Protein chains: 2
Amino acid sequence: MEPELRQMRYFVAVAERRSFTRAAEDVYVAQQALSQQIKALEDTLGVRLLDRTSRRVELTPAGAAYLADCKRLLSAAGRAAQHARAVADGEAGKLRIAYTVTAVYETLPALTAHLAARAPRLKVETREIFASDVCRMLRDERCDLALAPRAGYPKGIARRTVRREPLMAAVGDGHPSAGAPAMELAGLRDETFQLWPRDMAPGYYDAVAGACRAAGFEPVLDETASGSNAWAGIAAGRGVNLVVASLARQLPRGITLVPLTEPAPVLRLDAVWRAEHPHPAVSRVLDGCAELWPGERTDGVSARPASP
Amino acid sequence: MEPELRQMRYFVAVAERRSFTRAAEDVYVAQQALSQQIKALEDTLGVRLLDRTSRRVELTPAGAAYLADCKRLLSAAGRAAQHARAVADGEAGKLRIAYTVTAVYETLPALTAHLAARAPRLKVETREIFASDVCRMLRDERCDLALAPRAGYPKGIARRTVRREPLMAAVGDGHPSAGAPAMELAGLRDETFQLWPRDMAPGYYDAVAGACRAAGFEPVLDETASGSNAWAGIAAGRGVNLVVASLARQLPRGITLVPLTEPAPVLRLDAVWRAEHPHPAVSRVLDGCAELWPGERTDGVSARPASP
DNA sequence: GTCGATCGACAAGGCGGGCTTGTCGACGGG
DNA sequence: CCCGTCGACAAGCCCGCCTTGTCGATCGAC
């Protein structure tokens, strides 16, 4: 037989009260039960823990050592339970957030700062990914939550728009519109768009292309555009693009942002997570986003993970 | 209800096998028992630990956190049991040894070195005391073992002689016998003895006075002698004393040791301990002493603590 | 699509272990 | 000297853990 925490609780009670009878009151059992259980504990350990001298109970050296260990174990067991509850409530534990580059300028840092303040025991790990990998990362349990431009996902993946960010025109510094207070999106109809291929970033692609179509033209793409290469192309005057306003925080050299006249197109940023077994902190993140960026409807596609 | 280690063992089994059925084989119970106990564990925690998707079992984030804690707790419980056994066997734990100055030159360091080699996990604390305090220190649980010259003790205190050390004459450097290869004890019959009062060190007193009487004279004492004051008196030529041979290791300035001719008197050094609840390491110490200083009868007054 | 295999949950019953009641021997104080 | 208190022992009860039996669900095979 193995020692049990109940026996340790009994032993601690007896050791601290230095009496079976009084300890029995503390743990709400009869004195005889304590005698039996502590005897059983001693038998399983093969060690005498207490010297009963009829009239007084004394710890043996081994008992004193075991007492200290028992106290540690009991408090550790209690803390483990508390920690499990905290993790289940999303207050503690580890949350792996994957994000697309669009979120990095403002959305992600605002969110992580908010979480650090609201749930300091929650360890947030972040990782930049391509929008095309969101689904796989979530399904393979390689992340718990993703931030990406609004896109469609297969069943089993839930999402909610957490904020809308205005899109601005990104042009080279030498572009005729550079420095203008604002411009019409339609003014870019003859430009080449340094937009990533749709299969790499479908949500972003659809947002930009959709805005262009709403402005009455179909954007012409530079099929070689991808990643930082696109910035270089724009800076070199080989095209333009629409980008989130917060890019201004880390504007690449040679590029100027020009606001677009109303109705200015927006990019919807979604939180995306597993619908079936969502990480418990996801609902906290959604709450935090609703607080950071009010105005989004909170009864969206998947308002929040169903509670069990 | 509180979580029990048995439930944790079950949970670890299920989590590691990712299956109730297979885990049941590991812990030798039916699958239904595991379902019940883990459900009970989840209920007491108020936390879902496993996602059962019929066909597969997955850990929730809270379950993963609790699993790690459970493994830690279980191994800590096992180590606590092992440690208790080790303490009960005298292999580990803390042993407080009190000693009189007579033991400090050779006996104590030899013993502590021996213990450090044989029982490295046993933490030995040493403290110098007066022989008159041996009994009180032991009774008050302020030490577990004492090293002191042989003396009588009341019931409840056990002792065993661990070594006999030859006594030598300690004289001032200017004493006529200083430098002699040996001398008769009777030659000191007219000297003043720098001997501590009997009530301070009865064993040592009796050994020296007894040796003198055996040599045919009653020693004359300097009643002011005590501690280092005695050394100063001898060095100043105001008297002599008999001391253990190992004092040569830390001989005070101005003092010379002269061997005594046969039959050279000896001082018996005793190990002394509580008879009723001896520290488990005491028997190891006695074994170690018998090994370090063979020749003493090991079936003495109290051969060894009675085992329970 | 259907059948079978497998997995975990639910239900009911047996049994072992923990708890209780009752009692005794030992020690200490009045 | 007797009584009060404390812990151990003995016997019985009862709860709780485990077992057997069964079902619904899911996934693979044909």
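Hydrogens, waters and symmetry mates are skipped; everything else that's a heavy atom, side chains included, is used. Lettering follows sequence order; numbering is per chain, from 1. Bear in mind the structure is a predicted one, so any value in this text is a computation, not a measurement.
- Under 4.0 Å is where a charged nitrogen must lie from a carboxylate oxygen, and between B:Asp69 and A:Arg79 no such pair does.
- Atom CD in B:Glu25 sits roughly 11 Å away from atom P in C:dG8 (whole-Å rounding).
- For the OP1/OP2 pair of D:dC18 and a distance below 4.0 Å, the side-chain nitrogens and oxygens of B:Tyr10 include at least one atom meeting the criterion.
- Counting to the nearest Å, the P atom of C:dG8 and the CD atom of B:Glu42 are 13 Å from each other.
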Measure all distances between protein nitrogen or oxygen atoms and nitrogen or oxygen atoms of nucleotides 7-9 of chain D, and list the pairs falling under 3.5 Å.
| unit_1 | atom_1 | unit_2 | atom_2 | d |
| --- | --- | --- | --- | --- |
| D:dG7 | OP1 | A:Phe20 | N | 3.0 |
| D:dG7 | OP2 | A:Phe20 | N | 3.3 |
| D:dG7 | OP2 | A:Thr21 | N | 2.9 |
| D:dG7 | OP2 | A:Thr21 | OG1 | 2.6 |
| D:dA8 | OP1 | A:Arg52 | NE | 2.5 |
| D:dA8 | OP2 | A:Ser35 | OG | 2.7 |
| D:dA8 | N7 | A:Gln31 | NE2 | 3.1 |

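- Across the protein-nucleic acid pair, A:Arg6 atom CZ and D:dC17 atom P stand 9 Å apart, rounded to whole Å.
- Applying the ring-ring contact (aromatic ring centres under 6.0 Å, His included) rule to B:Tyr153 yields no partners; only residues at least two apart in sequence or on another chain are considered.
- Under the side-chain contact (heavy atoms from CB on, under 4.5 Å) criterion, B:Arg52 pairs with B:Phe20, B:Ile38, B:Glu42, B:Arg48, B:Leu50, not counting sequence neighbours.
- If you take CD of A:Glu2 and P of C:dG17, they are 15 Å apart, rounded to a whole angstrom.
- Remark: A:Tyr205 pairs with no residue by the ring-ring contact (aromatic ring centres under 6.0 Å, His included) rule, at least two apart or across chains.
- Screening residues 10-19 of chain B for side chain to side chain donor-acceptor pair (under 3.5 Å), with sequence neighbours left out, gives B:Glu16-B:Lys71, B:Arg17-B:Asp26, B:Ser19-B:Arg22.
- For A:Gln82, the side-chain contact (heavy atoms from CB on, under 4.5 Å) partners at least two apart in sequence or on another chain are A:Arg85.
- Between the CG atom of B:Asp43 and the P atom of D:dG16 there is a distance of 14 Å, rounded to whole Å.
- Rounded to whole Å, atom P of C:dG17 lies 16 Å from atom CD of B:Glu4.
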